[in-house]
Amino acid sequence: MSTPTFKPVTHVIFDLDGTLLDTERIHKKTYTKIASDYGKEFPDDLRLQILGKQEMDVAKLIISTLQLNLTPEELLEKARIEEEKELNSVTLMNGVEDLLEHFCQHKIPIAIATSSSEGGFRRKTNHLKNIFSMFHHVVTGSSDPEVKKGKPAPDIFNICASRFPECPENSKCLVFEDSPNGVAAALAAGMQVVMVPDTLLPREFTTNATCVLDSLEDFCPEMFSLPPRDSSGSRSS
């Protein structure tokens, strides 16, 4: 069976939560507990709505949907305290390390576009500095003054692409995402997007992605005219 091909790319942008880091289960546990403390449930459909959104937008949506007697700032502070210990040991998603090493070995420029704040990003990644030092730059949507609108708006991906020294055209950037909001943002920026969706996500929410995979282990770089993995690190799709 032949490998499908898409438009050639030269630069790669990764989402953070649920794409590089296995943080979404921690977020779910956190918001479930906070909701429970107020006699509410945190339903899966609300969880799917907040995937990929900026922190303040997440807090506002949870508060308005569940009718919690909290300000967004109070909710985010409760979440920060709840998650502080677990985030210190959060692990990489399957296939991340091998793929990043492959890109670095072949000098493919890589960056991160995350809806987290700078503080949130540091809390999640401080114990993995060797991995995150591979990235040329990180755009933290919840604290970067240039990011006016969060995902699904294209702002964060436009800005992330512009900060590569080569200033590639957006069409030359490939995005890795796990959320429908992130996919929509990447497409709105004129980029191709590989989606590795949350396991709870109904399949109809994945149809807009350029390519959908079960894991980053399944990614074939040559599909986008990037250097193929060598035989020892190759993955079948």
Side-chain angles (χ1 to χ4, degrees), residues 4-21 23-24 27 45-62 64 93 103 108-118 120-121 135-198 200-213 216 219 221 223-226:
T5 56
F6 302 100
K7 295 175 184 176
V9 299
T10 55
H11 293 66
V12 177
I13 299 172
F14 287 88
D15 169 55
L16 181 69
D17 291 286
T19 301
L20 293 173
L21 291 179
T23 48
E24 294 298 354
H27 297 328
D45 61 340
L46 178 56
R47 180 187 168 215
L48 296 177
Q49 286 179 60
I50 66 174
L51 287 177
K53 286 185 175 290
Q54 290 184 359
E55 292 171 3
M56 191 59 70
D57 292 336
V58 167
K60 289 176 179 176
L61 186 55
I62 290 174
S64 64
M93 299 293 285
F103 285 150
I108 304 300
I110 56 177
I112 293 173
T114 173
S115 295
S116 297
S117 62
E118 184 174 354
F121 174 78
F135 293 92
H136 180 268
H137 60 277
V138 178
V139 180
T140 51
S142 289
S143 55
D144 193 306
E146 287 190 51
V147 182
K148 304 301 182 187
K149 294 181 180 179
K151 303 172 185 177
D155 302 32
I156 194 168
F157 290 119
N158 289 332
I159 290 161
C160 194
S162 74
R163 292 182 185 172
F164 284 114
E166 304 85 0
C167 291
E169 293 181 8
N170 283 10
S171 62
K172 295 294 185 181
C173 296
L174 179 65
V175 173
F176 286 87
E177 266 283 358
D178 72 310
S179 73
N181 285 318
V183 169
L187 294 174
M191 301 176 181
Q192 296 176 96
V193 55
V194 174
M195 188 180 198
V196 184
D198 185 284
L200 279 178
L201 194 70
R203 294 298 102 173
E204 61 262 28
F205 289 99
T206 69
T207 54
N208 290 332
T210 310
C211 173
V212 181
L213 303 175
L216 288 180
F219 179 66
M223 293 164 61
F224 294 90
S225 301
L226 294 168

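Values below: every heavy atom of this structure, side chains too, minus hydrogens, waters and symmetry copies. It should be emphasised that the depicted structure is a prediction, and the values quoted were computed from it without experimental measurement.
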Trace of the side-chain contact (heavy atoms from CB on, under 4.5 Å) decision for M56 with S142: CA-CA 7 Å; M56 191 59 70; S142 289; over 6 Å; no

Verdict with supporting geometry, F121 and I112, side-chain contact (heavy atoms from CB on, under 4.5 Å): CA-CA 10 Å; F121 174 78; I112 293 173; 4.0 Å; yes

Test side-chain contact (heavy atoms from CB on, under 4.5 Å) on L216 and V196; report intermediate values, then the result. CA-CA 7 Å; L216 288 180; V196 184; 3.8 Å; yes

Could you go step by step and tell me if S116 and D17 meet the side-chain hydrogen bond (donor to acceptor under 3.5 Å, both in side chains) rule? CA-CA 8 Å; S116 297; D17 291 286; 3.2 Å; yes

Go through D15 and F176 one step at a time and tell me if the side-chain contact (heavy atoms from CB on, under 4.5 Å) criterion holds. CA-CA 6 Å; D15 169 55; F176 286 87; over 6 Å; no

If you apply the rule salt bridge (Lys or Arg N to Asp or Glu O under 4.0 Å), what do you find for D144 with R163, and how did you get there? CA-CA 13 Å; D144 193 306; R163 292 182 185 172; 2.7 Å; yes

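The nearest pair of heavy atoms linking T207 to E204 is OG1-O, 3.3 Å. Pairing each heavy atom of Q192 with each of S171, the nearest pair is NE2-O, 4.4 Å. When all heavy atoms of M191 and F157 are compared, the pair lying nearest together is CE-O, 3.3 Å. Considering all non-hydrogen atoms of both residues, C160 and I13 come closest at SG-CG2, 3.8 Å. Annotation for T10 and I108: closest pair O-CG2, 3.7 Å, computed over non-hydrogen atoms. Of all non-hydrogen atoms in E146 and I159, the two that sit nearest each other are O-CD1, 3.0 Å.
Ring geometry for F219 versus F224: interplanar angle under 30°, hence parallel rather than tilted (30 to 60°).
Side chains of P165 and H136 form a contact here, defined as non-hydrogen atoms less than 4.5 Å apart. Contact check for T206 versus L201: side-chain heavy atoms found under the 4.5 Å cut-off. In this structure, T140 and S117 have side chains that are not in contact, with every pair of non-hydrogen atoms separated by 4.5 Å or more. Residues I50 and L46 form a side-chain contact, since some pair of their non-hydrogen atoms from C-beta on lies under 4.5 Å apart. Residues M195 and S179 form no side-chain contact, since every pair of their non-hydrogen atoms from C-beta on lies 4.5 Å or further apart. Residues V9 and C173 fail the side-chain proximity criterion, which asks for heavy atoms closer than 4.5 Å. Here the side chains of S115 and K151 are in contact, with some heavy-atom distance below 4.5 Å. Taking 4.5 Å as the limit, some side-chain heavy atom of F135 sits within range of a side-chain heavy atom of L20.
For the atom pair CE (M93) and CG (L21), the distance works out to 9.0 Å, reported to the nearest 0.5 Å. To the nearest 0.5 angstrom, E24 atom CD is 10.0 Å from L48 atom CG. We find the CG-OG1 distance between L187 and T210 to be 5.5 Å, quoted to the nearest 0.5 Å. For the atom pair CG (L226) and NE2 (H11), the distance works out to 11.0 Å, reported to the nearest 0.5 Å. Interatomic distance, K7 NZ to K172 NZ, rounded to the nearest 0.5 Å: 10.0 Å. Rounded to the nearest 0.5 angstrom, D198 CG and D178 CG are separated by 6.5 Å.
Ion pair E55/K60 not flagged as a salt bridge, since none of the NZ, NE, NH1 or NH2 atoms sits closer than 4.0 Å to an Asp/Glu carboxylate oxygen.
The 12-atom threshold is exceeded at CZ of F164, counting heavy atoms of other residues, nucleotides or ligands nearer than 6.0 Å.
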